Participant: 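Quick one: structure below, then a few questions.
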Amino acid sequence: MATRSLVAAWTGNRRREAGLLFPSLRRDVAFPLAGAVVLFAAFVGAGLLYTLMVEGASAEKLITAMFIDAIMVIGIQIYVGNTGVFSFGHIGFGAVAGYAFAIFAIAPEDKYTRIPNAPWGLADVEMGPLPATGVALVITLIVAVIVGIGLGRSGARSGSVAATVITLALLFFTHEVAASWNELTGGERAGLTFGIGDTLQTRTPIYLALFAAIVLALLFARSSIGRLNQAAREDNLAARAMGINPVVQQTIALLLSVAVVAVAASLRVYEIGSLLPEFFFFQYTLLTLVMLVVGGRNGVTGALLGVAVITAVRESARRMGSDGYEIFGLGLDGNLDWVFREGLPTVLLGLAMVVFMIWRPNGVLDDWEVDAWLWRRFIRQKPPAAAVAAPEPDALDLSASGVTVEFGGFRALDGASIEVSNREIVGLIGPNGAGKTTLVNVMTGMVDPTSGEVQLGEMGLTSEPSHSIARAGLVRTFQNLRLFSSLTVRENVEVAALMASVHRNGGSRTDIDAIVAGAGLWEQRNRRAGQLDYGNSRRLELARAAAAAPAFLLLDEPTSGMSGTESLAMVESVRSMAAAVGAGVLVIDHDLNFITGICDRVYCLDQGRMIAIGTPDEVQADAAVKAAYLGEAAQPGEDRT
């Protein structure tokens, strides 16, 4: 019995862990595996069909190179597509892996002719291709960890542009090391070369690596880590407000993508049979990025399409550049030799990059995937049962005390204080520029106060990172809509629920469908958030915040831009969402009908200071509020001139 209990406990833990990584095993594992089989069969089948139609060694070599390029591009897609950070440095990682593989895989007698003085006795080391690939993988991952730390720090401070510059610097750094360290790499002239007959003789390793790369990329995109990356890709600030730490998620994506790139680089070196610094420099970087951009960087299907299309275009351009071009027997190269020249493939690559980045930055397919299409095609979801209100939570207070914020010489908040219970809805009103949003920004970690404290129960939250504050239970919406536009309505809600399942609910799952239906968005659950009208966008933002299982919802002008009817509907939405998750509410709004219709207590802020606290009726009747907020005289008969 004890053994059975242990087995049951172990099995339950594994299922729980799998559920955290893949919220739906059928949707996020079974269908991606089926999609991987379809993609692999279609891509490889198209390549093999070409070799049957165009016989010869050159066709075989072209298709082999295309398969390896596909592995490389998929590796880059795992990072670029999911994080949104445009990386020029993955081919630099490929250079590290390629040289590591060559140094360990080339026979000592061949290394003696190129790098006899290699450091650390590497000239005498010999491994088989598989162990050498493993060593190359480990070395490249170590480099990726170091680079990932820099990417994380720069991205947190300066955004994705700084991270892109770092990856570009990595590309040039690896090239200069490869070109200059002659004792290890053979330099630009000698390079490294395998012995005759020691190169790759079969495509079997390529097929295995390609299928594994497709599976890994699809599973990662459907995993909770992949989805959190995609949310941060769409809106980094909103993702942090939901409790997502993009640095951690992006680092995991980087390591997985570099692992695939390392395998692809090893196969490329092994297939070519030689290695020079230029093999993994700007030309190959341009090629792989164009393949990714043209097909669609946000999806694996698009990446493979881009590889196939650009391979065909390059081969056609190569033939036009070297052999001329004929239409109906008429040679055109004599009159157009300024076009049909050997550099034509590179020109077309650059042109394709510019055209697609300007006119279709998301590529031909954007994020369309075979597995997602199969899921929508064959699975029909029924509307969920109505959400049950959460039991009344244990009493918990949120407070901000003596908060002062100065921007240069301007004091936005001057000793402001507020207190909210998780069993009430509290309003915060005041004229424009009073400091309302600044106070919420301080409470949610987006602005550091000059002085003052923020407390959640006994927990101090002052100057904590915004994602940590969200995980503690403070989740907000924004005055200006900040949705994950390219994700669907359901995916927006699911991202918040994934964070909550790890940091708020102890592994239990939030009923995503019930929240979507409760927000009145069930019929639009599969639409992209960016396609919603304004009212539904506001409801989605509220639903997403509720899915994060907060102790407190902080709503910044949820009725901004709404009509009176829509504002009344929002009253019910806020009440129902707060009741569904058992959260207290602090709401900023200018709509007094909304505030008086929903709030238990109201604070009024003017010029950074609290000037009134009380019930809605008490605050509306307050003379100071009338003067500051309603524009009425503070005292009857007072001279206002």
Side-chain angles (χ1 to χ4, degrees), residues 27 77 80-86 159-160 221-222 226-244 246 249-250 292-293 295-302 356-369 371-373 375-376 381 475-499 512-513 515-548 555-563 566 569-570 573 577:
R27 182 196 65 185
Q77 190 278 330
V80 174
N82 290 288
T83 68
V85 178
F86 204 76
S160 60
R222 300 292 175 252
R227 293 180 186 278
L228 297 180
N229 264 303
Q230 293 154 22
R233 175 194 73 197
E234 294 299 311
D235 193 317
N236 190 287
L237 183 62
R240 291 177 183 273
M242 293 297 108
I244 300 169
Q249 317 303 332
Q250 289 174 2
L292 184 60
V293 168
R297 65 183 122 168
N298 292 339
V300 181
T301 307
F356 273 84
M357 289 296 286
I358 294 176
W359 282 286
R360 196 173 179 84
N362 292 328
V364 175
L365 294 183
D366 194 0
D367 59 357
W368 188 90
E369 293 286 18
D371 62 309
W373 179 81
W375 173 263
R376 292 191 298 269
Q381 293 178 284
V475 179
R476 66 170 298 174
T477 64
F478 293 86
Q479 184 175 352
N480 298 316
L481 280 168
R482 303 192 76 102
L483 297 174
F484 306 132
S485 299
S486 292
L487 304 187
T488 66
V489 168
R490 192 184 188 282
E491 288 169 344
N492 268 263
V493 177
E494 185 176 23
V495 163
L498 289 172
M499 185 283 301
I512 299 165
D513 290 334
I515 290 179
V516 172
L521 297 169
W522 179 253
E523 296 300 325
Q524 306 193 60
R525 65 191 181 280
N526 292 322
R527 291 187 67 186
R528 294 181 189 270
Q531 298 174 341
L532 296 178
D533 60 59
Y534 185 78
N536 282 325
S537 295
R538 280 293 181 189
R539 281 186 279 276
L540 173 57
E541 191 177 33
L542 176 61
R544 184 184 66 183
L555 311 179
D556 194 350
E557 299 195 21
T559 65
S560 174
M562 288 186 171
S563 66
E566 289 174 323
M570 182 58 72
S573 294
M577 286 295 169

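Not measured: the values here are computed from a predicted model. This chain uses plain numbering: 1 for the first residue, then up along the sequence.
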Participant: Kindly give the heavy-atom pair with the smallest separation between Ala231 and Ile244, and that separation in Å.
Facilitator: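 Taking Ala231 first and Ile244 second, the nearest heavy atoms are CB-CD1, 4.0 Å.
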Participant: Which pair of heavy atoms, one from Pro246 and one from Arg240, lies closest together, and at what distance?
Facilitator: CD-CZ, 3.7 Å
Participant: If every non-hydrogen atom of Thr301 is compared with every non-hydrogen atom of Trp368, which pair is closest and at what distance?
Facilitator: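 Taking every non-hydrogen atom into account, CB-O, 3.6 Å.
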Participant: Within the distance-only criterion (no hydrogens, no angle test), does the side chain of Arg490 pair as donor or acceptor with the backbone N or O of Glu494 below 3.5 angstrom?
Facilitator: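 Judged by distance alone, no pair lies under 3.5 Å.
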Participant: Could you measure the distance from the CG atom of Asn298 to the CD atom of Glu369? Nearest 0.5 Å is fine.
Facilitator: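 Reported value, rounded in 0.5 Å steps: 9.5 Å.
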Participant: Checking Gln77 side chain against Arg297 main chain: does a donor-acceptor pair fall under 3.5 Å?
Facilitator: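 Yes.
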Participant: Using a 3.5 Å distance criterion without hydrogens, assess whether the side chain of Thr559 forms a donor-acceptor pair with backbone atoms of Met562.
Facilitator: no
Participant: Ignoring hydrogens and angles, tell me if any N or O in the side chain of Arg360 forms a donor-acceptor pair with the backbone of Gly363 under 3.5 Å.
Facilitator: yes
Participant: Are side-chain heavy atoms of Leu481 and Tyr534 found at a separation under 4.5 Å?
Facilitator: yes
Participant: Just verifying a value: how many Å separate Leu228 CG and Gln250 CD, rounded to the nearest 0.5 Å?
Facilitator: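 Interatomic distance, Leu228 CG to Gln250 CD, rounded to 0.5 Å: 11.5 Å.
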Participant: Once rounded to the nearest 0.5 Å, what's the spacing between atom CE of Met242 and atom CE of Met499?
Facilitator: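 So the gap between those two atoms works out to 7.5 Å.
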Participant: Closest approach of Leu540 and Ala529, non-hydrogen atoms and distance?
Facilitator: CD2-CB, 3.8 Å
Participant: Okay, side chain of Asp533, backbone of Gly535: is any donor-acceptor separation there less than 3.5 Å?
Facilitator: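 Indeed, once roles are kept as given, a pair shorter than 3.5 Å links the two residues.
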Participant: Grab the two heavy atoms, one from Ala497 and one from Ile512, that are nearest each other, plus how far apart they are.
Facilitator: CB-CG1, 3.8 Å
Participant: Find the distance between OG1 (Thr488) and CG (Leu521) and round it off to the nearest 0.5 Å.
Facilitator: 11.0 Å
Participant: Are the side chains of Asp367 and Arg528 in touch, meaning some heavy atoms are under 4.5 Å apart?
Facilitator: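 Yes; the side chains approach each other to less than 4.5 Å.
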Participant: Where do Met577 and Ala543 come nearest, in terms of heavy atoms and distance?
Facilitator: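 Closest approach of Met577 to Ala543: CE-CB, 4.1 Å.
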Participant: Does any part of the side chain of Leu487, heavy atoms only, come nearer than 4.5 Å to the side chain of Gln230, both counted from C-beta?
Facilitator: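 Result yes, sub-4.5 Å side-chain heavy-atom pair found.
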Participant: Treating Arg222 as the side-chain partner and Arg27 as the backbone partner, does any N or O pair qualify as donor plus acceptor under 3.5 Å?
Facilitator: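 Not confirmed, Arg222 side chain does not pair with Arg27 backbone.
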Participant: Could you walk me through whether Asp513 and Trp522 satisfy the side chain to side chain contact (heavy atoms under 4.5 Å, CB included) test, starting with their C-alpha distance in whole Å, then the side-chain angles of each, then the deciding distance to 0.1 Å, before giving a yes or no?
Facilitator: CA-CA 8 Å; Asp513 290 334; Trp522 179 253; 3.6 Å; yes
Participant: Please round to the nearest 0.5 Å and tell me the distance separating atom CG of Leu555 and atom CZ of Arg476.
Facilitator: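 Output value for this atom pair is 10.0 Å.
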Participant: For the side chain of Asn229 and the backbone of Gln249, is there at least one donor-acceptor N/O pair under 3.5 Å apart?
Facilitator: yes
Participant: Check the pair Ser560 / Arg538 against side chain to side chain contact (heavy atoms under 4.5 Å, CB included), numbers first and verdict last.
Facilitator: CA-CA 9 Å; Ser560 174; Arg538 280 293 181 189; 3.9 Å; yes
Participant: Answer whether the closest heavy-atom distance between the side chains of Gln531 and Ser485 falls below 4.5 Å.
Facilitator: no
Participant: When you measure from the side chain of Arg233 to the backbone N and O of Gly81, does any donor-acceptor pair fall under 3.5 Å?
Facilitator: yes
Participant: Thr477 and Glu541: side-chain donor and acceptor closer than 3.5 Å?
Facilitator: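 Judged by distance alone, the side chains do not pair up.
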Participant: Please check if any side-chain donor atom of Glu234 sits under 3.5 Å from a side-chain acceptor atom of Ser486, or the reverse.
Facilitator: yes
Participant: Taking only residues two or more places apart in sequence or in another chain, which ones pass side-chain contact (heavy atoms from CB on, under 4.5 Å) with Ala238?
Facilitator: Asp235, Phe478, Arg482, Phe484, Arg544
